[in-house]
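Everything below concerns the one structure shown next.
For the numbers below, each heavy atom of this structure counts, side chains included, while hydrogens, waters and symmetry mates do not. Since this is a predicted model, take the numbers as computed values, not measurements. Counting from 1, the numbers follow the sequence of the chain as shown.
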Amino acid sequence: MQTLHESELSYTQDHKLDLNGIARTLLEDVVNTVMVEQVEELGCVRNGYRERKLVTSVGTLTLKIPKLREGTYFPNDIVSKWSRCDTALASCICDMWTLGISNRKVEKALSNLGVEKISRSRVSRLVKSLDEEIDDLRHNSLSFDTWPYLWLDATYIPIREAGHTTKRATVIAIATNTEAKRKIIGLECIDTESYLSWKDFLISLKERGLSGVRLVISDAHAGLVRAIGEVFSGAYSQSCLCHLERCVFDLHRFWDVTKTVYAA
């Protein structure tokens, strides 16, 4: 097995030890050495090797899989073992995508980890792995607990539809259960914020088992306020802190303008 000498150590641009690079080199050497030993234990004659790339949490490894004069060999146990690192990396990529980090910044982060390139098709497959989580988020039952506090909000995000870029409203519901634990309980993409859109969204939450709502926090959107009053009758409603501060600021500014007018 290879031993790294000081002259073989890799460094980052700021002259610090590149720990990912060192780990990548050592891991690559271990895996390739194990494959050679496995072939020798089988008593097979090697006839060169074929390279395969494997993306791991410490970067891209170059596997040198031995070719045999007779028969075939593939290290299923080794690839399966180290592919868990690949799964962890895929999870990180999905998390970055979910947080809205730009593709350029994601590529830079992966480059620092030693990942040379990830194709668009691979990124698409990774993102598709989020579909099941989103589906559960939108349809799973909420009847296992009561939810006294509910936050509602919407944001407009750009989407690509029929070859054109447009904006759609994404409405979201966050609730707190009786143990004071917050949870995202609803998410929908609608054409625009309106009374009917908000009402349909709130009704879908109740049909999934949302109950015990005592206080709803939202902005002052007229259609939303009306829908809250109809769907969660009996629950109190108040503006979120952000909109409350805006109202206070606007009131203060109005008062300053009024005093200036009367002083004149």
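- When only modelled atom types and interatomic distance are considered, Thr146 and Asn177 share no side-chain donor-acceptor pair under 3.5 Å.
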Any chance you could lay out the salt bridge (charged side-chain N to carboxylate O under 4.0 Å, His left out) test for Lys64 and Glu51, step after step, and finish with the verdict?
-> CA-CA 5 Å; Lys64 296 183 177 180; Glu51 291 188 352; 5.2 Å; no
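- The salt bridge (charged side-chain N to carboxylate O under 4.0 Å, His left out) pairs that include a residue from residues 169-178 number zero, where partners must be two or more places apart or lie in different chains.
- Looking only at side-chain heavy atoms (C-beta outward), Ile174 and Ile185 stay at 4.5 Å or farther from each other.
- At a threshold of 4.5 Å between non-hydrogen side-chain atoms, the residues Thr170 and Glu188 do not count as touching.
- Open room surrounds CD1 on Ile184; 12 or fewer heavy atoms of other groups in view lie less than 6.0 Å from it.
- Leu150 and Ile217 are assigned to two separate hydrophobic clusters, defined by single-linkage of ILVMFWY side chains at heavy-atom distances under 4.5 Å.
- Taking all atoms of both residues into account, the shortest heavy-atom contact from Leu210 to Phe232 is CD2-CZ, 3.7 Å.
- Closest approach of Arg208 to Leu137, counting heavy atoms only: NH2-O, 3.1 Å.
- Judged purely by atom type and a 3.5 angstrom limit, Lys206 uses its side chain to pair as donor or acceptor with the backbone of Val231.
- Both Val171 and Leu152 are part of a single hydrophobic cluster, where members link through side-chain heavy atoms under 4.5 Å apart.
- Between Val36 and Tyr49, the closest side-chain pair of non-hydrogen atoms is not below 4.5 Å.
- Under the 4.5 Å side-chain criterion, counting only non-hydrogen atoms from C-beta, Thr176 is in contact with Trp151.
- Between the side chains of Tyr236 and Arg214, not a single donor N or O lies within less than 3.5 Å of an accepting N or O.
- The main-chain N or O of Asp29 is found under 3.5 Å from a side-chain atom of Thr33 such that the two form a donor-acceptor pair.
- In this pair, Phe144 and Trp147 present their aromatic rings perpendicular. The plane angle is above 60°, beyond the 30 to 60° band.
- Remark: Arg182 CZ is loosely packed, at most 12 non-hydrogen atoms of other residues, nucleotides or ligands lying under 6.0 Å away.
- No donor-acceptor distance shorter than 3.5 angstrom exists from the side chain of Ser233 to the backbone of Glu230, with no hydrogens or angles considered.
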